[in-house]
Amino acid sequence: MSLFGAMSTAISGLSAQSDAFGNISDNIANSQTVGFKGTGTSFEDLLTSSTATDNQPGSVRAIADYQNNVQGAIAQSSNPLAMAISGQGFFPVSQVANGQIGTTNFSPQQYYTRAGDFKMNNSGYLVNSDGGYLNGWPIDQSTGAVDSTKLQPIQVTQSVYNPVATTKVNLAANLPATPAANTPISSQVSVYDTLGTSHVLTLNWTQNAADSWTVAVNSPDDVNGAALGTATVNFGPTASGNPVPDGTVGSITNGTGTLSSAAFTAGAPAALNFTSDFGSGPQTIALDVGTYGQASGLTQYAGTAYQLEGITQNGAPQGSFSSVSISSAGDIQVNYDNGQVRNVAQVPVTVFADPNALQRQNGSAFTATIASGDPLNQPAGSSGAGSLVTGSLESSNVDIATQFSNLIVAQQAYSANAKIVTTADQLLQTTLTMKQ
Amino acid sequence: MGINTALSTAIGGLANVNAGLSVVSQNIANASTPGYVVEASTQQSLTADGIGMGVASGPAVRVLNAQQQTDVFNQNAVVSGLKTRQAALANIDSVLGTPGQGNDLASLLGQVQSSFSALLSAPDSAAQQNATVNAAQNFAGQLNTLGNAVTSTRQQAQDAIVAGVTTLNTTIATIATQTKQIMAAKASGQSSADLESQRDVSLTQLSNLIDVRFLKQDNGDLKAITPSGLSINFQPGAANFATQTTAIGPASSYPGGGIPAITMNGVDVTGQLAGAGALGGNIDVRDNIMPGLQAGLDEVAQTTSTRFQAQGLTLFTQPNGTVPSGGGVPTQSTYLGYASTITVNPAVLQNPSLVRDGTNAVAGSPTGASAFTPNPVGGPTGFTTLISRVLTNAMGVQAQPGIAQPAPNNNGLGPQGNLVGPFSGGGSLATMTAAVMSGEAQQSSAMSAKLDTEQAVQTTLTTNLSQSSSVSVDNELSLMVQLQNAYGANARVLSAIQSMWTQLLQTVQ
């Protein structure tokens, strides 16, 4: 009995070692596959009978030892859309439904991968070399909020960037305390209407008395006439009656036309609101002249000439698609040629309680199993999720030197098992020759 | 992860050296390119899960002291503005003549005086009468030359403004295109260093034209403001300057005097462009400097004409034989550009003996000239009353004994009535002429001196900037040696890995 038992034990050893051999060859074959995770082999003995006095030979079986949580080397890539995860986690990807290659009918099955060699395809999807469509959280364009309840394939549309109407103009300048006679003081700034057309706004400043100025806002393109109104801006405590240091904005009063302003509050933003109409409806613009009582924005200090330090506005003309880039936070950014950037989606990193229990799929992909735990989508770099390295790729985590040493061991173990079989055979022959 | 990581790290090292070397070669190749700013390669170490993963090369960046560059841009505007003004004044200097050479206004006036003195001793000499008329003609001719030079200089300034506005628009359009490329390069993580150096050349052009401050944004976008209140967006159509060509006459002025405004998107911004920069310089030449000289010349022409007329000899007139009336509002409105048209009275030209006899009777006034009756036709040929009046009164400081000549207008001059002349108080015609000439000469030499100073500052600033930002071939070569060594070291790691591989493969039989 034991002789046959020993033989079958040796056979199980042969089978286990050939399994290990298979894993090693799979690992070496994929040693250059992006995002590939190697499989090691561990062995388990199987028992038939073992008592205090008697032990029957059992057998051995090979168990795959997945190394899905072992980091691969990260190398720089020339592909700007390439990403690698440094740390734990996977990119959520979708694949097109069976037999529907070339369409955008996605299989409901969610896949996960570490292969981050994404490229934009002709439909604007980010697809890796294994056909995985990168998923992300959509970002609401009006509020900028990330909807982390929805995970869907990211599609970048190469649309134009809608123009942004100006709502705010920031002015930083010094009005001269003693202006030169006959020198008009004015600032021009281009603002944009809702159609992205540029219009000039002119701010004309006239000194009424010491520390008191009148600003007239004009726009030649306004449909209701060029003059939008005037207001009085008082500097310092004497002219404004408010406790502010000399030379800083103390009050904005006497708004005429469409001009209005909030009353003085120490430390509150000093702004003038006015409404213009460039033909597409009223457009309210706030002229921000700094903060009440602080030497920021508009001031009135010594001098005879107006000194403009900066005048900016928050509108933008329409822009056309220029490029797509990925930030290290995982934001998919669409860049437009008007300098505007739009975040269209955020790529989460999916983590599992036991990533080694994931079900392997073709194309370095994985699917969730009961043993792996539920997928948990996290922003990159937070709550245990790895961070993103953009413009880089994660190589296979297989180390060939280790595989070779395993190979040597497997080879020797296989030979040893084979030796048991041949020895058992000889013993059986001996047994058989006992009876002639 | 062993040997594979070592391999990819070494390859990353080689790639980084390659990137560094390409920056070095770009620097050396552009060592003498104008406006090129030396570039430096950037790199950072890569880690994953706390393990070193080699090096990542970043985009090349420029080594530039932004403050120095801003100073140079500002100084460019100051110098080009002064250069424009100085060139315009040099234009006038060239026709002003040289004192003592007999070709300047003061000497020509002196010749008029000496010819009258000569006539005093020979009042009946027709030759001397002709010589006097000739001297007067020469004086009027020089006034014409100066007046025309002033007007043509203003015309040149106006033409330069029109050309400058065109250059302004094309430069802004160029910068807009370059900015767009830079933003695209930055957005996709590429190096924008070379594009930025190209853009700086355009920015230098712009800074020569107008006094402008550039605000560079992180995303590569650029905004520009002028201290006088303009803001220029480098977006297509965001800043469109315009003006028209026009023929400038002595009476042309801005605003409202026939000279078109410079507009930005339809809004008059002429006032904001005046000041530093070539465009501002030309506006100053056209609207202030040259009209100021014109006002002085017109005042000399008008005062000379009226003082002669007041003594009974209408020697200088307009081509139609009349002296312009004064008393307009603004003061010079009735005789703007008179210096360009003043001539010797056609009646005197026809009959030179009138310089002895007089052309008109003078009623006499207790505050002005005394009474005078011209020598009638057939009167005594030795008539010297008029000649004496001309020598002592018209060309002197008193209209009649004890009554000073009225002072020339010195304020409220020019087409807009906003200019101030070079005169101080009353005085003789010679004093006035000298005041006009020395006023121009002082203005011109002061401008040249200021230009020299500012140019010296510009040279210093430009040298500082180029010292800190231009390519130092020595540095680049030493960097190259370092890179070569680094390449060798990385390659050495590669060859070590190669021999390890060989050994490893030999172990598995």
Side-chain angles (χ1 to χ4, degrees), chain A residues 31 70-76 80 84-88 173 182-190 198-200 202-203 218 220-221 305-312 316-317 322-325 333 335 337-339 341 386 389-392 394-402 404 407-408 411, chain B residues 1-5 7-9 11-12 15-16 46-51 53-57 179-180 183-184 186-190 213 215 217 219-221 223 225-233 235-240 264-267 269 271-272 275 418 500-501 504-505 507-509:
Chain A
S31 65
V70 176
Q71 176 78 45
I74 291 181
Q76 207 177 4
I85 296 174
S86 164
Q88 294 302 308
N182 300 324
T183 310
I185 293 178
S186 69
S187 278
Q188 274 81 18
V189 62
S190 294
S198 153
H199 303 279
V200 175
T202 309
L203 311 170
N218 290 304
D221 296 342
Y306 181 58
Q307 185 70 30
L308 179 70
E309 306 291 348
I311 185 163
T312 55
S322 142
S323 65
V324 177
S325 56
Q333 300 173 325
N335 303 299
D337 63 357
N338 60 355
V341 178
V389 185
T390 56
S392 298
E394 182 178 3
S395 318
S396 165
N397 70 348
V398 171
D399 177 37
I400 293 186
T402 314
F404 274 9
L407 187 64
I408 294 165
Q411 197 179 5
Chain B
M1 276 120 287
I3 205 161
N4 270 356
T5 312
L7 191 63
S8 82
T9 303
I11 290 169
N16 186 46
L46 270 181
T47 58
D49 249 8
I51 302 163
M53 292 284 175
V55 63
S57 336
T179 302
K180 209 168 242 193
M183 286 199 295
K186 286 217 176 200
S188 55
Q190 290 159 357
R213 309 275 179 278
L215 311 171
Q217 322 270 310
N219 65 355
D221 200 1
K223 303 250 184 293
I225 58 166
T226 69
S228 55
L230 286 182
S231 86
I232 301 169
N233 281 349
Q235 299 279 1
N240 186 22
M264 181 177 88
N265 300 348
V267 176
V269 293
Q272 271 110 318
N418 58 351
M500 283 162 76
W501 272 112
L504 188 61
L505 290 167
T507 11
V508 186
Q509 295 293 341

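We name chains A, B, ... by the order of the sequence lines, and we start the count at 1 in each one. The figures that follow rest on heavy atoms only: side chains count, while hydrogens, waters and symmetry mates do not. Nothing here was measured: the structure is a model prediction, and the numbers come from that model.
At a 4.5 Å heavy-atom cutoff, the contact between Val189(A) and chain B is made by backbone and side-chain atoms alike. Only the backbone of Ser228(B) comes within contact range of chain A, judged by heavy atoms closer than 4.5 Å. Proximity to chain A (any heavy atom under 4.5 Å) is restricted, for Leu46(B), to the side chain, taken from C-beta onward. Residue Val55(B) touches chain A through its backbone alone, counting heavy-atom pairs closer than 4.5 Å. Heavy-atom distances place no part of Glu394(A) under 4.5 Å from chain B, backbone and side chain included. There is no contact between Thr179(B) and chain A, counting heavy-atom distances below 4.5 Å.
A donor-acceptor pair shorter than 3.5 Å can be found between the side chains of Gln272(B) and Ser186(A).
Comparing Ala56(B), Ala15(B), Gly54(B), Gly12(B) by heavy-atom pairs within less than 4.5 Å of chain A, the highest count is held by Ala56(B). Ranked by heavy-atom pairs under 4.5 Å with chain B, the list Ser395(A), Pro317(A), Ala173(A), Ser322(A) is led by Pro317(A). Of the listed residues (Thr9(B), Val267(B), Leu7(B), Asp221(B)), the greatest number of heavy-atom pairs within a distance under 4.5 Å of chain A belongs to Val267(B). Ranked by heavy-atom pairs under 4.5 Å with chain B, the first of Gly391(A), Ser187(A), Pro220(A) is Ser187(A).
For Gln76(A) (side chain) and Ser57(B) (main-chain N/O), a donor-acceptor pair under 3.5 Å exists by modelled atom type.
Here the CG-CD1 distance, from Leu215(B) to Ile311(A), works out to 11.5 Å after rounding to the nearest 0.5 Å. Gln307(A) contributes atom CD, which lies 9.5 Å from atom OG1 of Thr226(B) (distance to the nearest 0.5 angstrom). Atoms OG1 and CG, from Thr202(A) and Asn265(B) in turn, are 10.0 Å apart once rounded to the nearest 0.5 Å. In this structure, CG in Leu308(A) is found 10.0 Å from CZ in Arg213(B), a value given to the nearest 0.5 Å. Here the OG-CD distance, from Ser323(A) to Gln190(B), works out to 8.5 Å after rounding to the nearest 0.5 Å.
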